[in-house]
Asker: 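Before I ask anything, let me first share the structure, which is written out below as structure tokens.
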Amino acid sequence: MDIVSENKMFDGVQGVYKHKSRALKCSMNFAVFMPNAPRNTQIPVLWFLSGLTCTHENAMLKAGMQKFAQLHKIAVVFPDTSPRGKNIPDDDSYDLGQGAGFYLNATQSPWKENYQMWDYLISELPSVIEKNFNVDISRQSVMGHSMGGHGALLLAFQMNIKFRSVSAFAPICNPMESDWGRKQFSAYLGSDKNLWENYDASVVAQQTNFSGPILVDTGSNDEYIDLLSIDSLSKVLKERKMNAIFRMNNGYDHSYYFIATFMEEHMNFHAKALFGN
């Protein structure tokens with residue numbers, strides 16, 4: 001792991017780092033905010049997964065998480081959204097290829113060689129974080145925005161024993177039935193819809209054993225709200241009597257202005273789950 005930059009922020013350190021990924025077969029940047037804490041304290045980890053077109057920088061710079069991460073003594077990890085580089089397959093459209101990895105393992109050419117974001121997130125990057133930072137990887141929670149909300153929900157529902165809580169801002173909840181999903185799943189996964197189901201939160205939720213709290217915030221003025229299918233997931237979780245809160249916030253859109261407005265509440269939500277109080 002190489003240090004790209006480290007800056008003091010709210011008495012902690014906001015860093016950007018680079019490493020060679022075996023899963024993605026390219027160099028990857030990621031960011032970590034490490035709060036200032038007593039030397040012998042192991043810090044729980046909160047993952048933030050970003051949306052379409054984003055890198056590790058968007059939430060790092062715009063979400064306003066670091067102040068609350070320092071307050072609660074939580075490390076925040078900001079992964080990138082896809083493999084990157086001049087030799088990495090891409091597409092001219094914004095919602096496929098680089099910046100649009102959809103947090104899955106691709107099975108179709110030309111994507112399958114590099115687009116193994118699921119393996120990267122559940123195995124490789126956590127190992128890098130645990131090796132290089134003073135964190136308690138047994139205490140993890142996850143959150144995300146839009147495509148990253150899709151990824152956060154999937155990680156929590158599929159890998160339920162690893163995460164204590166999950167939250168999402170305007171997540172893509174039912175990608176099999178959305179134009180933000182069908183296009184990407186067809187390209188990355190092919191025509192086998194049984195495989196698609198592994199990456200659809202509304203489908204996976206029907207069988208998940210995730211027992212932690214769930215918080216989903218959406219804005220009533222979200223310009224992409226028809227692509228998100230929030231009601232599909234809400235219905236499943238309600239039927240299964242899971243510990244989920246869905247909120248529709250009047251007048252808010254899909255932007256980081258919306259995310260920053262409610263970030264303090266989400267950080268408090270995760271702190272309660274991570275510290276058990």
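For this chain, numbers begin at 1 and follow the sequence in order.
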Asker: Are the ring centres of Tyr188 and Tyr115 closer than 6.0 Å?
Answerer: yes
Asker: Please work out whether the ring planes of Tyr17 and Phe133 are parallel, tilted or perpendicular, with thresholds of 30° and 60°.
Answerer: perpendicular
Asker: Grab the two heavy atoms, one from Met28 and one from Ser21, that are nearest each other, plus how far apart they are.
Answerer: CG-CB, 3.9 Å
Asker: Report yes if the side chains of Lys235 and Ser232 come closer than 4.5 Å at any heavy-atom pair, otherwise no.
Answerer: no
Asker: Say you draw a straight line from CG of Asn132 to CE of Met1; how long is it, rounded to the nearest 0.5 Å?
Answerer: 4.0 Å
Asker: Are His19 and Phe30, when compared by the centres of their aromatic rings, separated by less than 6.0 Å?
Answerer: yes
Asker: Could you check Glu177 against Ser202 for side chain to side chain contact (heavy atoms under 4.5 Å, CB included), going step by step and ending with a plain yes or no?
Answerer: CA-CA 10 Å; Glu177 303 300 329; Ser202 293; over 6 Å; no
Asker: Are Leu24 and Ile129 linked, directly or through other ILVMFWY residues, by side chains that come within less than 4.5 angstrom of each other?
Answerer: yes
Asker: For salt bridge (charged side-chain N to carboxylate O under 4.0 Å, His left out), just list the numbers for Lys18 and Asp2, CA-CA rounded to whole Å, side-chain angles, deciding distance to a tenth of an Å, and then say yes or no.
Answerer: CA-CA 5 Å; Lys18 178 181 290 188; Asp2 297 322; over 6 Å; no
Asker: Can you tell me how far apart CG (Asn209) and CD (Gln158) are? Round to the nearest 0.5 Å.
Answerer: 11.0 Å
Asker: Which atoms form the tightest heavy-atom contact between Leu215 and Arg247, and what is the distance?
Answerer: CD1-NE, 4.0 Å
Asker: To the closest 0.5 Å, what do you measure between CG (Asp222) and CD1 (Ile230)?
Answerer: 8.0 Å
Asker: Under 4.5 Å between side-chain heavy atoms, counting indirect links through other Ile/Leu/Val/Met/Phe/Trp/Tyr residues: same cluster for Leu49 and Met60 or not?
Answerer: no
Asker: Around atom CD of Gln207, are there more than 12 heavy atoms of other residues, nucleotides or ligands at under 6.0 Å?
Answerer: no
Asker: Between His254 and Tyr224, what is the ring plane arrangement, given parallel below 30°, perpendicular above 60°, and tilted in between?
Answerer: perpendicular
Asker: Atom OG of Ser234 and atom CE of Met248: how far apart are they, to the nearest 0.5 Å?
Answerer: 9.5 Å
Asker: With ring-ring contact (aromatic ring centres under 6.0 Å, His included) as the criterion, how do Phe258 and Phe169 come out once you've worked through the C-alpha distance, each side chain's angles and the decisive distance to 0.1 Å?
Answerer: CA-CA 8 Å; Phe258 160 57; Phe169 295 95; 5.6 Å; yes
Asker: When you look at Asp217 and Glu265, which way does the side chain to side chain contact (heavy atoms under 4.5 Å, CB included) test go after all the steps?
Answerer: CA-CA 10 Å; Asp217 270 314; Glu265 293 179 46; 5.5 Å; no
Asker: With a 4.5 Å limit on heavy-atom distance, are the side chains of Asn40 and Pro38 in contact?
Answerer: no
Asker: Give the C-alpha distance, both sets of side-chain angles, the deciding distance and a yes or no for side chain to side chain contact (heavy atoms under 4.5 Å, CB included) between Leu233 and Leu153.
Answerer: CA-CA 10 Å; Leu233 180 61; Leu153 292 165; 3.7 Å; yes
Asker: In Å and rounded to the nearest 0.5 Å, what is the NE2 to CG distance from His150 to Leu228?
Answerer: 12.5 Å
Asker: Does Gln70 use its side chain to pair, donor to acceptor, with the backbone of Asn36 at less than 3.5 Å?
Answerer: yes
Asker: What residues, two or more places apart in sequence or in another chain, satisfy side-chain contact (heavy atoms from CB on, under 4.5 Å) together with Glu113?
Answerer: Lys25
Asker: Anything under 30° is parallel, anything over 60° is perpendicular, the rest tilted; go ahead and classify Trp180 against Tyr94.
Answerer: perpendicular
Asker: According to a hydrophobic-cluster definition based on side-chain heavy atoms being under 4.5 Å apart (Ile, Leu, Val, Met, Phe, Trp, Tyr only), do Met34 and Val16 belong together?
Answerer: no
Asker: Of the non-hydrogen atoms in Pro175 and Ala201, which two are nearest, and what is the gap between them?
Answerer: CD-N, 4.5 Å
Asker: Should Ile137 and Lys162 count as side-chain neighbours, where that means a heavy-atom distance under 4.5 Å?
Answerer: no
Asker: If you look at every heavy atom in Ala100 and Ser82, which pair is closest and at what distance?
Answerer: N-CB, 4.0 Å
Asker: Around atom NZ of Lys67, are there more than 12 heavy atoms from other residues, nucleotides or ligands closer than 6.0 Å?
Answerer: no
Asker: Check whether any side-chain heavy atom of Leu189 sits under 4.5 Å from a side-chain heavy atom of Asn198, and report yes or no.
Answerer: no
Asker: Is any side-chain heavy atom of Met65 less than 4.5 Å from a side-chain heavy atom of Leu46?
Answerer: yes
Asker: Return the set of residues passing side-chain contact (heavy atoms from CB on, under 4.5 Å) with Met9 (not counting sequence neighbours), or none when no residue passes.
Answerer: Gln14, Phe33, Gln66
Asker: Could you please spell out the steps behind the side chain to side chain donor-acceptor pair (under 3.5 Å) verdict for Asp119 and Asn105?
Answerer: CA-CA 7 Å; Asp119 286 349; Asn105 282 345; 3.0 Å; yes
Asker: Quick check: does any side chain N or O of Trp196 sit under 3.5 Å from a backbone N or O of Ser191, one acting as donor and the other as acceptor?
Answerer: no
Asker: Distance check, rounded to the nearest 0.5 Å: Met267 atom CE versus Leu274 atom CG?
Answerer: 9.0 Å
Asker: Checking Ser178 side chain against Leu227 main chain: does a donor-acceptor pair fall under 3.5 Å?
Answerer: yes
Asker: Return the set of residues passing side-chain hydrogen bond (donor to acceptor under 3.5 Å, both in side chains) with Thr81 (not counting sequence neighbours), or none when no residue passes.
Answerer: Arg84
Asker: Taking only residues two or more places apart in sequence, or in another chain, which ones meet Trp118 in a ring pair (Phe, Tyr, Trp, His ring centres under 6.0 Å)?
Answerer: none
Asker: Minimum heavy-atom separation for Val135 and Gln42, please, with both atom names.
Answerer: O-NE2, 3.4 Å
Asker: Looking at residues at least two apart in the chain, or sitting in another chain, which of them share a side-chain hydrogen bond (donor to acceptor under 3.5 Å, both in side chains) with Gln140?
Answerer: Trp47
Asker: Side-chain contact test, heavy atoms from C-beta onward, threshold under 4.5 Å: evaluate it for His145 versus Phe48 and give yes or no.
Answerer: yes
Asker: According to side-chain contact (heavy atoms from CB on, under 4.5 Å), who are the partners of Ala37, at least two apart in sequence or on a separate chain?
Answerer: Thr41, Ile43, Lys73
Asker: So His270 and His266, would you call those rings parallel, tilted or perpendicular, with 30° and 60° as cut-offs?
Answerer: tilted
Asker: Looking only at non-hydrogen atoms, find the nearest pair between Gly219 and Ile225 and report the distance.
Answerer: O-CD1, 3.8 Å
Asker: Quick check: do Leu52 and Phe102 have side-chain heavy atoms less than 4.5 Å from each other?
Answerer: yes
Asker: In terms of hydrophobic clustering (I, L, V, M, F, W, Y; side-chain heavy atoms under 4.5 Å; direct or indirect links), are Leu154 and Val203 co-clustered?
Answerer: yes
Asker: Could you tell me if the side chain of Ile214 sits less than 4.5 Å from the side chain of Phe157, heavy atoms only?
Answerer: yes
Asker: When clusters are formed by joining ILVMFWY residues with side-chain heavy atoms under 4.5 Å apart, either directly or through shared neighbours, do Phe163 and Phe78 land in the same one?
Answerer: no
Asker: Assess whether atom CZ of Arg22 is packed by more than 12 heavy atoms of other residues, nucleotides or ligands within 6.0 Å.
Answerer: no
